[in-house]
Amino acid sequence: MIRWQDVLSQNGMPWEPGGCGLADGYTGMNSLEELKAFLDAVHIRMCLVRPYQNLANYPLVEPRELLPSFDNAMFEYKELPGFSMLAIDRKLQYFRERFQYDILYPTVVSSNACLLEKQVLGRNMQTFLSRLPRVHQDVFRQQFAKRDLTCIQNYPALTPYLVNMDRAHVISRDPAGNFALAGIFASFPNDIDSVLKRFGLSIGKFTRNDDERYARNRQFVYQFLMELYGFPIVSERRTSAAMFARKLTLTNEHFMLRVLGQTDRTITTYTSQEGSHHFPRVEKIALIAVDADQVDAIQAIASKGFFLDQENRVIILRVTYRQHRYDHANIRQDRALSVASQEIIHPLTGQVLKGLNIIRDATNMYLRLNDIVHGEYTGHIVYKRTEIIESTESDEKRLKVLYYWLTKNQRRMIDYSEEFFAKINRVLTGYLFSPDKDEEFGSLRELHIEVCSRLGYIQQARRVRLLEELRTRTFHGDRITYKQMIQLALEAVTNLKFELVHFFPDIVENVIACLERITSDRYLIRRYIQHQDCKTPSKNALEIRKGYGALVAATDDLKKMLRNRKNWQPPRATPSPRQVKERPQEAPLPNSATDTVVKPLLWDNLGQPVVQTQPAAVQTAAVPQAAAQPVEGVAGQSAP
């Protein structure tokens, strides 16, 4: 294992012995990118590797925790460091800044200003001590009594104290144009309420003064907004950092904002991007352990010396993400973030190793699924953000882990190839619909239905994904003819009808939108569908026209099904004999052969409720004698 003092000590910067500072006079940080390289080294060394080596049970980040959508952590590790930091590539203007902070004054660069410099150092020391916990004040005063707290060379030595402060610290340009620590105890403005409502209105999820619509869609909008900036719905420190990074991006600031939470153990960094970008670049750095099943990756990492702790297969991983705008027509409309790149950082030189898929390896995913269904999975997951599951020893726990697993990997499973998804689907259906599990799943009916419904959603969403490809006349990346497009679309819709035992309105709406795009193709209509005088249609045109008509009919059927399901109201149950006797205001039972009795709900193939009709004689025979007698106040009769 490499000592924490030596981590990234060979990255080209003149580090002092012990790694707690840079050599005096070093002025190599002339840009924000160079400052980021320096801060990467300091924060990885002091905030990740040092706690990993000093704590016996350091909680390594699991690879799946770096995959969107992100999990809500259930534990907060008080013994781990946490901080927020803002670096701006300009001089600060104390009154005009959009955030509050305690200013640290730079020392005056002048040979005749010794007295003034001493006063500035004392004032900065007093400011620092006023925000530092009392237990650290005496040691801090002795260590930095004669040192300039704003000098960037002293930043590594200050880091253990900065992570003990509740609020952020700020780095900016000083009067000489060098980067320096410009302030501490900074508060980033968090206007999440107005941002959330404006964002929901812009994507069409909210309507002004519509409380019901707001309540129905608020969770989705909140989750999507936070995921754009690399977080689930989290604590104030990370939420304010994300919202302030959004504001700085919209005002075209050249900045870097960094936050480390005590729950996620991950350094999240926002950096401004050149050009017209609506979002900052998001990246995360964490210590993770490579799964033992990834043999090829382990060999590649070990051969090049990229392990921080080879015995435990621990590496320093940087993941960069790509943001996606909301698209209501996309079946994966909840996807706000995806992985753009993965880089393993060399623990000494800082060089990066690319090309290895550490956090989303498909083979590893398939093996984990087999472990879950066979009860051999080890690890912990958070079920519906309320319950921690740490094993799969019982069917109840397996179902809960499967629900989490399907929810976590839903977006990726929609895009998997047919061959790989068939393998996954075979394992899932073999467990969920096994006759040997009928008794166990009978006592877990609601949980079993939840898991099956989640799987059904993924299966149907894959058909929508296929239709999204077909509407551009492509199939698995290949260009296809109009005839093939019609045939494949009709086959997909026909198969989908048999899978609607789990009915999802958003799925059906997306299918209808795709089919309408296909059937409204102008060239298709003009070339094959519209009647052409004095021309005999070819065999190919007749087949396309026949398939087109079937596709239009299937679209109408789906619209009717969706309309019936949205307008359907549960039927009132037929009152029991006792209820009829005790409630004389009820209407009498049917006494005509044309009257109907609503039976338990059935659905025809179009989703229309079926109401069964029974003769009056059958109905009367099925009702006890006491309930069939006239009741006072009904039809003008009186009770005997």
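Residue numbers run from 1 in the order of the sequence given.
A donor-acceptor pair under 3.5 Å is formed between the side chain of K408 and the backbone N or O of R64. When atom types are taken as modelled, the side chain of T263 and the backbone of E76 share no donor-acceptor pair closer than 3.5 angstrom. Of the possible polar contacts, none joining the D264 side chain to the L260 backbone as a donor-acceptor pair under 3.5 Å is found. Using modelled atom types, one side-chain atom of S443 and one backbone atom of E440 make a donor-acceptor pair closer than 3.5 Å. Between the side chain of R167 and the backbone N or O of S187 there is no donor-acceptor pair closer than 3.5 Å. Distance alone, capped at 3.5 Å, places no donor-acceptor pair between the D478 side chain and the T474 backbone. The main-chain N or O of V290 is found under 3.5 Å from a side-chain atom of R313 such that the two form a donor-acceptor pair.
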* Verify side-chain contact (heavy atoms from CB on, under 4.5 Å) between V427 and K423, making sure each step is shown before the conclusion. => CA-CA 7 Å; V427 175; K423 290 173 58 178; 6.0 Å; no
* **Step-by-step salt bridge (Lys or Arg N to Asp or Glu O under 4.0 Å) determination, R411 to E227** => CA-CA 14 Å; R411 304 172 192 170; E227 190 170 312; 2.7 Å; yes
* To do: Take V319 and I285, measure what side-chain contact (heavy atoms from CB on, under 4.5 Å) needs, and give me the verdict at the end.
  => CA-CA 7 Å; V319 182; I285 301 176; over 6 Å; no
* Would you please test L39 and I171 for side-chain contact (heavy atoms from CB on, under 4.5 Å) and show each step? => CA-CA 11 Å; L39 294 176; I171 296 176; 4.2 Å; yes
* To do: Could you check R281 against M256 for side-chain contact (heavy atoms from CB on, under 4.5 Å), going step by step and ending with a plain yes or no?
  => CA-CA 10 Å; R281 179 184 289 109; M256 180 183 75; over 6 Å; no
* Start with the C-alpha distance between K36 and E283, add both sets of side-chain angles, then the distance that settles salt bridge (Lys or Arg N to Asp or Glu O under 4.0 Å), and finish with yes or no. => CA-CA 12 Å; K36 181 178 180 298; E283 69 175 42; 2.9 Å; yes
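A cation-pi contact, defined as under 6.0 Å to the ring centre and within 45° of the axis, links K284 to F70. By the 6.0 Å and 45° rule, R45 does not stack over the aromatic ring of W4. Judged by the 6.0 Å distance and 45° axis criteria, R462 is positioned over the aromatic ring of F421.
The neighbour count for E79 CD, taken as heavy atoms of other residues, nucleotides or ligands under 6.0 Å away, is above 12.
Checked by atom type, the side-chain pair Y431/D436 shows no donor-acceptor distance below 3.5 Å. A side-chain N or O of H324 and one of S338 form a donor-acceptor pair less than 3.5 Å apart. Under 3.5 Å, the side chains of N57 and Y77 contain no donor-acceptor pair of N or O atoms. Looking at Q323 and Y229, their side chains never bring a donor and an acceptor atom within 3.5 Å of each other. Between the side chains of R398 and H374, no donor-acceptor pair of N or O atoms lies under 3.5 Å. Checked by atom type, the side-chain pair T269/R258 shows a donor-acceptor distance below 3.5 Å. Looking only at atom types and distance, the side chain of Y403 has a donor-acceptor partner in the side chain of R454 under 3.5 Å away.
Across P156 and M46, no two heavy atoms sit closer than the pair O-CE, 3.8 Å. Closest of all the heavy-atom pairs between L67 and I359 is CD1-O, 3.2 Å. The minimum heavy-atom distance between V401 and S391, with the atom names listed, is CG2-O, 4.4 Å. Nearest approach of R237 to S240, heavy atoms of both residues: O-OG, 3.0 Å. Closest approach of F441 to L432, counting heavy atoms only: CE1-O, 3.5 Å. The two atoms that bring A336 and L228 nearest to each other are O-CD2, 3.5 Å, heavy atoms only.
Of the charged side-chain nitrogens involved, at least one lies within less than 4.0 Å of a carboxylate oxygen, so that R465 and E468 count as a salt-bridged pair. In summary, E387 and K397 do not engage in a salt bridge, as defined by a charged side-chain N under 4.0 Å from a carboxylate O.
Judged as a ring pair (Phe, Tyr, Trp, His ring centres under 6.0 Å), and not counting sequence neighbours, F179 has no contacts. For Y404, the ring pair (Phe, Tyr, Trp, His ring centres under 6.0 Å) test picks out no residue, with sequence neighbours left out.
Below 30°, between 30° and 60°, or above 60°: for F231 and Y270 the angle between ring planes is above 60°, a perpendicular geometry. Relative ring orientation between F140 and F144 is described as tilted, the plane-to-plane angle lying within the 30° to 60° band.
A ring-ring contact (aromatic ring centres under 6.0 Å, His included) check over residues 36-68, counting only residues at least two apart or in different chains, returns the pairs W15-F38, H43-F83, H43-Y155, Y52-Y58.
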